[in-house]
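All chains are named by letter (A, B, ...) in the order of the sequence lines, taking the proteins before the strands, and each is independently numbered beginning at 1.
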Amino acid sequence: MNVTIVDYNSGNISSVINSFKEVAKDKVNIEVTSDLEKIRSSDKLVLPGQGSFKSCIDALKKINGLTDTLSEFAINNKKPLLGICVGLQMFADIGYEEIETKGLGWISGKVSKINNQNGKYKLPHIGWNEISIVKDSKIFNNIKNKSHMYFVHSYEFIPKDKNVISATTDYSSNIVCSVEKENIFGTQFHPEKSDKIGLKIIDNFINL
Amino acid sequence: MLKNRIIPCLDVKNGRVVKGINFVDLKDAGDPVEQAKIYNDGGADEICFLDITASNENRDTIYNVVKKTSKKCFVPLTVGGGIKSVEDINKLLSCGADKVSINTAAVENSKVVVDSSRKFGSQCIVVAIDAKKNGDKWEIFTHGGRNNSGIDVLEYSKQMEENGAGELLVTSMDRDGTQVGYDIDLMSKISSQVNIPVIASGGVGTLDHLVEGIKLGKASAVLAASIFHYGKHSVKEAKEYLDSKGIPVRI
């Protein structure tokens, strides 16, 4: 099996690569590429993302044919895809970081700044927070409710259809921190930096 | 609920740990990779390397250390010390660091903070502040605490937040190495002034000092070096103690 981490210059993806390789060992081949042919022929995709919504969308668009190839993979062919952090946020129709920017539109909704309640909550939301699992998700197999995950973000994904939400976390309000819509998975937290429990989520995705 | 973080810090010189954990079963007590792994397994919320290599020839050793560590540690890794440019940051991140902490370079050229936070995102840019009390205010020191810039700490903190820093790592020069506790006044003043998380550093000698840093200093995270060295306290003990004092921690 081939799992491809999409490398589109979205910032630092070393930790994502290290964690997937750690979990995959020699059983699964982990590719890191922006090559469209390799992406197409892959069994699963990981879409990381760091920096702003706009910078990630811009970086995706810079690679000719990449957004179409990703949509073909996830929407038409319904193959498993995991978005991490801004990778998840880009599923939305629209994002409001820096400037209003169109997203991939795979899961209807918007990405807006976390309400910090006039400075009561520090932003970015950095550190370990508990997740409340609100629906069974395949990536939460053997993951206990209220497990701690590592977060770093100032913006949150607000999907229109609440049925896609698989977990939330409490910071100022109930923030969506994991979604599952058919073959599309996303985590706002960083499984690659969430210790053994995070690696278990990666393992669950690889073994889907 | 977001948990307060405990961050053990290791001083690394020429690729070797200078002060470290003194465990008998450790094959190589000077190996930063092994020590970081022990902290990771012990429940550290993040791990910090401070590179204190003086000579330029040996600067590359830290890249190798980061590369090896990031393959074994799956909690965030912050690396600081000697970072001068966006290119230095790029190198450390591509070796597997999750965040970098910038000290002197941020004071000398604030563009480094602006440019790097735009390029890599604020989430990986930590501005390290070395502060020393002068009368009724605190001033910023650079070059490992040797030079007084005369810059007011509170104004500078606000400025760094605007420039794109994701966190501030605040060390009290007056307290560093004394083991008498954090400069609570300094921590709480900065923390009230900025909307980004503050990491308290400098002066920890007991577990109660960690409690004070969070409760009174309003820090989001506490960094400590020597109390975790030589097996005085484990990260696990520290977390259990904080928990017993009603501080939310990840256990």
Side-chain angles (χ1 to χ4, degrees), chain A residues 9-23 49-56 85-86 97-98 116-130 132 146-155 169-172 175 190-200 202, chain B residues 1-7 40-41 43-47 66-77 89-90 92-100 117-126 161 164-168 191-199 218-221 248-251:
Chain A
N9 303 313
S10 68
N12 177 25
I13 59 169
S14 319
S15 290
V16 175
I17 300 168
N18 284 336
S19 61
F20 271 79
K21 286 194 170 161
E22 169 76 11
V23 172
Q50 277 197 354
S52 73
F53 187 94
K54 184 185 179 297
S55 68
C56 286
C85 198
V86 185
E97 191 168 359
E98 288 182 61
N116 74 346
Q117 301 182 19
N118 291 321
K120 195 176 155 206
Y121 288 86
K122 301 241 173 206
L123 288 182
H125 170 217
I126 297 186
W128 297 82
N129 208 333
E130 288 167 351
S132 299
K146 301 284 170 195
S147 288
H148 287 97
M149 300 293 170
Y150 190 80
F151 288 83
V152 196
H153 63 128
S154 299
Y155 285 75
T169 191
D170 182 17
Y171 194 69
S172 164
I175 290 171
H190 290 267
E192 78 277 15
K193 286 281 113 187
S194 296
D195 216 344
K196 290 184 191 75
I197 302 172
L199 296 181
K200 178 62 191 157
I202 291 170
Chain B
M1 182 187 223
L2 184 67
K3 302 302 159 78
N4 291 106
R5 287 167 283 157
I6 294 187
I7 310 173
N40 186 162
D41 294 344
D45 295 311
E46 296 183 21
I47 290 157
V66 172
K67 247 184 219 167
K68 283 188 200 153
T69 308
S70 66
K71 287 194 172 74
K72 288 195 171 175
C73 288
F74 298 97
V75 298
L77 175 65
I89 297 168
N90 190 27
L92 283 167
L93 294 177
S94 52
C95 286
D98 297 290
K99 312 184 202 181
V100 292
S117 62
R118 276 212 193 116
K119 193 169 161 80
F120 309 109
S122 290
Q123 85 288 338
C124 64
I125 305 300
V126 181
E161 177 181 19
E167 288 175 280
L168 298 176
S191 193
S192 318
Q193 177 107 1
V194 297
N195 285 317
I196 52 176
V198 168
I199 305 163
K218 302 188 187 81
S220 301
V249 286
R250 173 181 71 114
I251 290 183

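- Contact count against chain A (heavy-atom pairs under 4.5 Å) is highest for B:P197 among B:P248, B:P197, B:G121.
- For a residue to count as touching a neighbouring chain, one of its non-hydrogen atoms must lie under 4.5 Å from one of that chain's; by this rule B:E167 touches chain A with the side chain only.
- Heavy-atom distances place the side chain of A:H125, and not its backbone, under 4.5 Å from chain B.
- With a 4.5 angstrom heavy-atom cutoff, A:L199 touches chain B only via side-chain atoms.
- One N or O on the side chain of A:S14 and one on the backbone of B:L93 form a donor-acceptor pair closer than 3.5 Å.
- Here the straight-line distance linking atom CZ of A:F151 with atom CD of B:Q123 works out to 15.0 Å at 0.5 Å rounding.
- In this structure, CE in B:M1 is found 9.0 Å from CG in A:N129, a value given to the nearest 0.5 Å.
- Contacts with chain A were tallied for B:G43, B:C124, B:S191; B:S191 has the most, counting heavy-atom pairs under 4.5 Å.
- Of the N and O atoms on the side chains of B:D98 and A:N12, not one donor lies less than 3.5 Å from an acceptor on the other residue.
- In this structure, the portions of B:R250 lying under 4.5 Å from any heavy atom of chain A include both its backbone and its side chain.
- Between the side chain of A:K122 and the main chain of B:V194, a donor-acceptor pair closer than 3.5 Å is present.
- When each of A:K120, A:E98, A:H148, A:K21 is scored by its heavy-atom pairs under 4.5 Å with chain B, the top score falls to A:H148.
- A 6.0 Å sphere centred on NZ of B:K3 holds more than 12 heavy atoms belonging to other residues, nucleotides or ligands.
- Interatomic distance, NZ of B:K71 versus OG of A:S19, reported as 12.0 Å (0.5 Å rounding).
- Heavy atoms of A:E130 lying under 4.5 Å from chain B belong to its backbone as well as its side chain.
- Only the backbone of B:I251 comes within contact range of chain A, with at least one heavy atom under 4.5 Å from a heavy atom of that chain.
- The side-chain heavy atoms of B:N40 and A:K196, taken from C-beta on, include no pair separated by under 4.5 Å.
- Looking at B:S117, neither its backbone nor its side chain comes within 4.5 Å of chain A, counting heavy atoms on both sides.
- Residues B:G96 and A:S15 approach most closely at O-OG, 3.9 Å, considering heavy atoms.
- Across A:D195, A:V86, A:V152, A:N116, the residue that shares the most heavy-atom pairs under 4.5 angstrom with chain B is A:D195.
- Heavy atoms of B:S70 lying under 4.5 Å from chain A belong to its backbone as well as its side chain.
- Not a single donor-acceptor pair under 3.5 Å links the side chain of A:K193 to the backbone N or O of B:F74.
- Ranked by non-hydrogen atom pairs under 4.5 Å with chain A, the options B:L2, B:I196, B:N195 are led by B:L2.
- Ranking B:D41, B:N4, B:V249, B:D45 against chain A, the residue ahead of the rest is B:D45, based on heavy-atom pairs under 4.5 Å.
- Looking at B:A221, there are no atoms closer than 4.5 Å to chain A (heavy atoms on both sides), in backbone or side chain.
- Atom CD1 of A:I126 is separated from atom CD1 of B:I199 by 7.5 Å, given to the nearest 0.5 angstrom.
- Heavy atoms of B:K99 lying under 4.5 Å from chain A belong exclusively to its side chain.
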Would you please test A:Q50 and B:F120 for side-chain contact (heavy atoms from CB on, under 4.5 Å) and show each step? CA-CA 7 Å; A:Q50 277 197 354; B:F120 309 109; 5.8 Å; no
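- Using a 4.5 Å cut-off between heavy atoms, B:N90 makes no contact with chain A at all.
- Ranked by heavy-atom pairs under 4.5 Å with chain B, the first of A:Y171, A:Y150, A:W128 is A:W128.
- The contact between B:C73 and chain A is made entirely by backbone atoms, counting heavy-atom distances below 4.5 Å.
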